[in-house]
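See below for the structure under consideration.
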2 protein chains.
Amino acid sequence: MFSQSEENYLKAIYHLSLISNKGISTNSIAERLETKASSVTDMIKKLSEKEVVVYKKYKGVKLTDLGTKIAANIVRKHRLWEVFLVDKLNFSWDEVHDVAEQLEHIKSEKLVDQIDAFLGFPTHDPHGDPIPNKEGDLKIVEKSLLSTLSKNEKGICIGVDDSSSEFLQFLDKKGITLGKQITVLEKEEFDDSLSIIINDKKMSISNKIANNLYIKKS
Amino acid sequence: MFSQSEENYLKAIYHLSLISNKGISTNSIAERLETKASSVTDMIKKLSEKEVVVYKKYKGVKLTDLGTKIAANIVRKHRLWEVFLVDKLNFSWDEVHDVAEQLEHIKSEKLVDQIDAFLGFPTHDPHGDPIPNKEGDLKIVEKSLLSTLSKNEKGICIGVDDSSSEFLQFLDKKGITLGKQITVLEKEEFDDSLSIIINDKKMSISNKIANNLYIKKS
DNA sequence: AAATATTTTTAGGTTAGACTAAAAATATTA
DNA sequence: TAATATTTTTAGTCTAACCTAAAAATATTT
Ligand SMILES: [Mn+2]
Ligand SMILES: [Mn+2]
Ligand SMILES: [Mn+2]
Ligand SMILES: [Mn+2]
């Protein structure tokens with residue numbers, strides 16, 4: 001059995017591994033968990049003892065198959081709970097993350113299975129992130145940052161990179177939600193801002209926004 | 001903010017206070033939480049610092065108004081989650097307690113309010129225990145142990161004292177569930193066992209069972 | 001009221017998980 | 001390559017929440 005803290009470390013390493021697939025550095029874990037590198041080293045040793053990570057001093061850390069499965073299961077729970085909160089309890093997508101951070105640690109396999117069924121076996125969470133299946137696998141969907149689209153390309157908004165409540169609320173205000181079609185009308189050389197059409201309305205989008213919005217090209 | 005452990009102590013004291021209304025003894029808390037008396041003394045001092053209990057050395061402990069409110073809120077969450085598990089996720093009444101022990105510590109006022117509404121503002125949990133309202137009040141319902149009924153008295157089964165899964169499963173097997181009518185046909189002097197009618201069927205009930213089943217006389 | 005038993009507190013330890021500061025290893029730059 | 005910078009580890013503390021053993025207070029018997 002893993003403590004809440006151990007689970008958070010596993011999850012952090014899991015997320016960092018999706019980008020780099022090299023050994024995950026002590027510092028990057030520390031930064032993600034808002035803790036100190038020395039604390040990370042301590043914990044890594046413990047996780048290594050428990051055979052959920054492989055650790056070589058100064059060389060970073062990697063999840064074992066077991067570690068990956070455990071981490072994916074926590075992410076699965078996190079995302080299922082987020083769907084539950086939005087679909088069943090009228091939370092908005094910018095309110096769910098902190099509660100899901102707590103709920104993801106509840107230990108009950110039956111609970112997860114039943115929530116999954118109750119929600120109709122959702123494949124994605126409210127932020128467009130895929131929900132791992134019981135075995136821990138998740139299918140990667142082809143997605144591009146809005147900022148990478150060229151003039152006259154279009155696609156469907158399918159996810160966010162930054163899912164802070166500030167960003168999500170900003171998107172709400174602009175009428176940008178998942179599933180909406182976006183067409184790029186113009187790309188400004190000067191500041192990399194975009195002129196787009198969404199909801200049959202033309203609007204200007206800064207590069208910072210376009211760098212945090214995922215599009216499925218169509 | 002209170003830690004999980006602090007919350008468990010408050011809840012234990014709250015439950016013990018419903019019976020005795022005198023100072024709650026160190027030993028009784030230790031027994032309920034399956035910990036040692038010395039640990040209880042430590043924690044009591046901390047809770048006293050935080051002004052949720054009043055503590056006089058050797059004289060036991062009492063919840064303050066604040067402490068009572070906090071404890072009642074944890075009980076409220078516990079019981080709401082139990083209703084959720086049974087009503088929405090097809091758990092049976094003997095499976096919910098351990099999961100609710102975890103869920104009761106999730107911190108989100110909105111979550112509790114929404115679950116409450118989602119469940120239709122239930123007044124009782126699956127074991128017949130009343131759910132405190134937002135202010136922490138709960139209405140006490142007149143109830144009698146089955147063992148206190150005399151020959152030819154009858155009533156509705158409205159709760160259990162022991163809610164261990166063994167006992168609950170035993171009741172299931174016997175067809176005894178909340179809401180059922182029970183009529184006492186005979187009371188044996190010898191072993192205090194009862195002959196009762198439930199579901200139009202006559203059956204014999206041991207004193208141990210009759211001592212753990214609450215009836216609303218009718 | 002003494003003697004005895006029980007309960008409660010105190011004193012002193014342990015462990016998990018954090019921290020700071022300093023040492024050691026690795027990476028970068030000159 | 002040598003000097004410098006950065007990253008990582010080690011060493012030593014701290015706190016929350018537990019523990020055991022012994023001392024102190026209270027309760028119960030004789
Ligand atoms: Mn989230
Ligand atoms: Mn999410
Ligand atoms: Mn319960
Ligand atoms: Mn209950």
Side-chain angles (χ1 to χ4, degrees), chain A residues 1-14 16-17 19-63 67 70-71 74 101-102 104-105 107, chain B residues 1-14 16-17 19-63 67 70-71 74 101-102 104-105 107:
Chain A
M1 203 56 67
F2 292 85
S3 72
Q4 210 149 307
S5 188
E6 289 170 327
E7 289 190 349
N8 283 334
Y9 275 91
L10 288 173
K11 187 162 59 102
I13 299 167
Y14 176 85
L16 291 165
S17 301
I19 324 169
S20 74
N21 84 315
K22 323 210 96 186
I24 304 304
S25 75
T26 304
N27 258 1
S28 63
I29 299 169
E31 192 180 5
R32 215 186 147 88
L33 293 177
E34 294 179 276
T35 182
K36 295 299 156 80
S38 54
S39 306
V40 174
T41 305
D42 280 355
M43 180 58 91
I44 277 172
K45 286 175 179 169
K46 190 156 40 120
L47 294 175
S48 175
E49 282 295 312
K50 292 192 172 186
E51 310 206 316
V52 285
V53 302
V54 176
Y55 170 53
K56 300 276 288 267
K57 264 192 198 175
Y58 295 101
K59 299 298 177 191
V61 77
K62 277 185 183 178
L63 290 172
I70 293 170
I74 302 163
E101 284 291 306
Q102 300 177 62
E104 71 189 6
H105 300 292
K107 286 169 178 62
Chain B
M1 204 56 67
F2 291 85
S3 72
Q4 210 150 307
S5 188
E6 289 170 325
E7 289 191 347
N8 284 333
Y9 275 89
L10 287 175
K11 186 162 59 105
I13 299 168
Y14 176 85
L16 291 165
S17 302
I19 323 169
S20 74
N21 85 314
K22 321 211 98 187
I24 305 304
S25 75
T26 304
N27 259 0
S28 63
I29 298 169
E31 191 181 4
R32 214 186 149 89
L33 293 178
E34 295 180 274
T35 182
K36 295 301 156 79
S38 54
S39 306
V40 173
T41 304
D42 280 356
M43 181 59 91
I44 277 172
K45 284 176 179 168
K46 192 159 37 125
L47 293 175
S48 174
E49 282 295 313
K50 293 193 172 187
E51 311 207 315
V52 286
V53 302
V54 175
Y55 170 53
K56 297 277 287 265
K57 263 192 197 175
Y58 296 101
K59 299 297 177 192
V61 78
K62 276 185 183 179
L63 290 172
I70 293 169
I74 302 163
E101 283 292 306
Q102 299 177 63
E104 72 189 5
H105 300 292
K107 286 169 178 63

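Keep in mind that this is a model prediction, so the values were computed, not measured. Atoms considered below: every heavy atom in the structure, side chains included; atoms not considered: hydrogens, waters and symmetry mates. Lettering of chains follows the sequences in order, A, B, ..., and the numbering in each one begins at 1.
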Verdict with reasoning, V54(B) to V61(B), per side-chain contact (heavy atoms from CB on, under 4.5 Å): CA-CA 6 Å; V54(B) 175; V61(B) 78; over 6 Å; no
So which protein nitrogen or oxygen atoms get under 3.5 Å of nucleotides 1-7 of chain C's nitrogens or oxygens?
none

[atom1] of [X] versus [atom2] of [N]: gap in Å, rounded?
{"X": "L47(B)", "N": "dA16(D)", "atom1": "CG", "atom2": "C1'", "value": "12 Å"}
{"X": "I29(B)", "N": "dT8(C)", "atom1": "CD1", "atom2": "P", "value": "9 Å"}
{"X": "Y55(A)", "N": "dA25(C)", "atom1": "OH", "atom2": "P", "value": "13 Å"}
{"X": "Q4(B)", "N": "dA16(C)", "atom1": "CD", "atom2": "P", "value": "18 Å"}
{"X": "E49(A)", "N": "dA16(C)", "atom1": "CD", "atom2": "P", "value": "11 Å"}

Watson-Crick or G-U counterpart of dA22(C), or none if no pair lies under 3.5 Å: dT9(D)
Contacts of type salt bridge (charged side-chain N to carboxylate O under 4.0 Å, His left out), residue K57(A), not counting sequence neighbours: none
Within residues 32-45 of chain A: residues closer than 4.0 Å to DNA chain D (heavy atoms): A37(A), S38(A), T41(A), K45(A)
Closest-nucleotide 5' rank along DNA chain C - winner of E6(A) and G60(B): G60(B)
Evaluation steps, side-chain contact (heavy atoms from CB on, under 4.5 Å), between K22(A) and K62(A): CA-CA 8 Å; K22(A) 323 210 96 186; K62(A) 277 185 183 178; 5.5 Å; no
Residues S25(A) and S28(A): side-chain donor-acceptor under 3.5 angstrom: yes
Polar contact flag, side-chain donor to acceptor under 3.5 angstrom, Q4(A)-H105(A): no
Phosphate contact (dA25(D) OP1 or OP2) by K59(B) side-chain N/O below 4.0 Å: no
Heavy-atom donor-acceptor pair, E7(B) side chain to I74(B) backbone, under 3.5 Å: no
Any donor-acceptor N/O pair, S39(A) side chain to T35(A) backbone, under 3.5 Å: no
Closest approach of I29(A) to Y9(A) (non-hydrogen atoms, all atoms of both residues): CG2-CD2, 3.9 Å
Ionic contact status for E31(B) with K36(B), cut-off 4.0 Å: no
